[in-house]
Peer 1: 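Starting off with a structure, shown below.
By convention in this document, chain letters (A, B, ...) are assigned in the order of the sequence lines, proteins followed by strands, and residues within each chain are numbered from 1.
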Number of protein chains: 2
Amino acid sequence: MEPDISIPDVVIKRLPIYARALTAMLDAGSETVSSKELALATGSTAAQIRRDLSYFGEFGKQGKGYNIPHLLDAIRDILNINERYRVVVVGAGPLGQAIARYGGFSEHGFQLSWVYDHNPERIGTTLNDVVVEDVATMPERIRAMQVRVAIIAVPASAAQEVADTLVESGVKAILNYAPAVLRVSSDVRVYDIDPVSALQALTYYLAPAPSRLRRT
Amino acid sequence: MEPDISIPDVVIKRLPIYARALTAMLDAGSETVSSKELALATGSTAAQIRRDLSYFGEFGKQGKGYNIPHLLDAIRDILNINERYRVVVVGAGPLGQAIARYGGFSEHGFQLSWVYDHNPERIGTTLNDVVVEDVATMPERIRAMQVRVAIIAVPASAAQEVADTLVESGVKAILNYAPAVLRVSSDVRVYDIDPVSALQALTYYLAPAPSRLRRT
DNA sequence: ACGTGTGAAGTCTTTCACAGCG
DNA sequence: CGCTGTGAAAGACTTCACACGT
């Protein structure tokens, strides 16, 4: 038996984009799609799509392309998004509130079941039918409900402590909105979303090209 | 003269993280930092930091490390974040409101000066001292004020149309919160932020390892 | 003839490892 | 001696291009 090869992270990050495009095509009533068409819809290339999918199996038919419902199902299966997830949100400040109120998560299988905060003024308030609870009660709840996904929406100064608590309680996937680098054990995944860093990376490209070139 | 070499995008995306860590160190009163220490603070490696910085010049001193104020200034200069940017936000729904109300942009030099929407019920309302205006008046304003940075916070179905309008008006950098792939001319940069895709990528890793390996 | 799946090639990115400077 | 800057090597990812199945 040959050694199994693990799949590049960058491939995993593209799968949700493929799934999104396939969902739109399914809704539009299409039956099949070629790698070329899917590339056009996702901003990728045909070769990349074929390569990406080939990590997981053979989903297409030569001369025909991919059956949309079948491929979509396969990708959803690979990403484990056919399952429904309970998600805790830590931080009920403006950002946490916006996240808790955003309807988009629920319709994609992520149930924002609990919002936690530290601040007594926020505890007991309600966001989208969810009551903000004291963060002190969080570990017990996470363990009892076996929550594996969390969203951190606290200030940077509190983020590491929150992450430690989450990890200790059994959380394995963290979506981190705090502008902080989190140190977690290697079996826990962190995905950072920081709009300020994003904008700062974007403004680099606003300079006239010459200054963006390496000295020689 | 040798041909200049352009800098990898992935390097540019790391610079804001370095800047953030250096700012914290500066506030903490440190004078110098080694690539090793900076690596620890940013979740990178010493070699990578040295290589990344070497694209832009020689900022360190052997045996000593990097002078924090000097390096921070250099990075801010590379990213063009010493400048202040006017930013338009398109979409005054829940997401646009949260973005407009989030204070973090302004303190990093991004001035969310205008919020636009399509919906008459939202036009005229106020978010953080900013009045929501009719998107029909947006192109003129962008051109007049030479706005180059925009944030898209509209539903996916409207995102491409908004992007087209922005680009036509002269915007060169777009932070896209809509779950849609935007097609823009090659002199315009798009940075996508999609929390649902992020969560979907994260849940991949929740499966027991065996199913995450390539068939052989 | 069309379009997949994939070796092989090419390109990009990271890491190693060390000369050389302070 | 400590630490940078960087050739060279290794590794990761993308693209090419084509054999093969439909």
Peer 1: Which of these nucleotides, C:dT6, C:dT14, D:dT4, is closest to any side-chain atom of A:Ser54?
Peer 2: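 It is C:dT6.
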Peer 1: Rounded to the nearest angstrom, tell me the gap between atom CD1 in B:Ile49 and atom C1' in D:dC3.
Peer 2: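 Answer to the nearest Å: 13 Å.
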Peer 1: In whole Å, what is the span from the CG atom of A:Leu71 to the P atom of C:dG3?
Peer 2: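 For the pair A:Leu71 CG and C:dG3 P, the rounded distance is 16 Å.
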Peer 1: Could you work out which one of D:dT6, C:dT14, C:dG3 sits closest to the side chain of B:Glu58?
Peer 2: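 Looking only at side-chain atoms, B:Glu58 lies closest to D:dT6.
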Peer 1: In whole Å, I'd like the distance from the CG atom of A:Leu53 to the P atom of D:dC13.
Peer 2: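 It works out to 16 Å between those atoms.
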Peer 1: State, without any angle test, whether A:Arg50 and A:Ser35 hold a side-chain donor-acceptor pair at a distance under 3.5 Å.
Peer 2: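 A:Ser35 and A:Arg50 do have a side-chain donor-acceptor pair below 3.5 Å.
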Peer 1: For the pair made of CD in B:Gln48 and C1' in C:dA17, what is the distance, rounded to whole Å?
Peer 2: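 Taking atom C1' of C:dA17 as the reference, CD of B:Gln48 is at 17 Å.
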Peer 1: Quickly work out the A:Asp9 CG to C:dT14 C1' distance and round it to whole Å.
Peer 2: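 Between C1' of C:dT14 and CG of A:Asp9: 14 Å.
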Peer 1: Output the rounded distance in Å from CD1 (B:Ile7) to P (C:dT14).
Peer 2: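 It works out to 14 Å between those atoms.
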Peer 1: Quick check: any donor-acceptor pair below 3.5 Å linking the side-chain of B:Arg51 to the base of C:dT13?
Peer 2: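 Checked by distance alone, the answer is no.
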Peer 1: Check whether any side-chain nitrogen or oxygen of B:Tyr66 sits under 4.0 Å from OP1 or OP2 of D:dG5, and answer yes or no.
Peer 2: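 Yes, because at least one side-chain N or O of B:Tyr66 sits under 4.0 Å from OP1 or OP2 of D:dG5.
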Peer 1: Measure centre to centre between the rings of A:Phe110 and A:Tyr85, then say whether the value is under 6.0 Å.
Peer 2: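 Centroid distance A:Phe110-A:Tyr85: below 6.0 Å, so yes.
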Peer 1: With a 4.0 Å limit, can you tell me whether B:Ser35 has a side-chain N or O closer than that to the phosphate oxygens OP1/OP2 of D:dC3?
Peer 2: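 Checking B:Ser35 against D:dC3: no side-chain N or O falls below 4.0 Å of OP1 or OP2.
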Peer 1: Report the residue (A:Pro8 or A:Lys61) whose heavy-atom-nearest nucleotide on DNA chain D is the more 5′ of the two.
Peer 2: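 Nearest nucleotide further toward 5': that of A:Pro8.
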Peer 1: Name the closest nucleotide to the A:Arg14 side chain, picking from D:dT14, D:dT15, D:dT4.
Peer 2: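 Looking only at side-chain atoms, A:Arg14 lies closest to D:dT14.
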Peer 1: Could you tell me how far apart B:Arg50 (CZ) and D:dG2 (C1') are, to the nearest whole angstrom?
Peer 2: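 Taking atom C1' of D:dG2 as the reference, CZ of B:Arg50 is at 11 Å.
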Peer 1: Please report, rounded to the nearest Å, how far the C1' atom of D:dC3 is from the CD atom of B:Gln62.
Peer 2: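 Answer to the nearest Å: 7 Å.
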Peer 1: Is the NZ or CZ atom of A:Lys13 positioned over B:Tyr204's six-membered ring, under 6.0 angstrom from the centre and within 45° of the axis?
Peer 2: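 Output no; distance or angle outside limits.
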Peer 1: Is it true that B:Asp194 and A:Arg20 have a side-chain N and a carboxylate O under 4.0 angstrom from each other?
Peer 2: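 Between A:Arg20 and B:Asp194 there is a salt bridge, with a charged N closer than 4.0 Å to a carboxylate O.
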Peer 1: So, are B:Arg14 and B:Asp9 salt-bridged, with charged N and O less than 4.0 Å apart?
Peer 2: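 B:Asp9 and B:Arg14: not salt-bridged.
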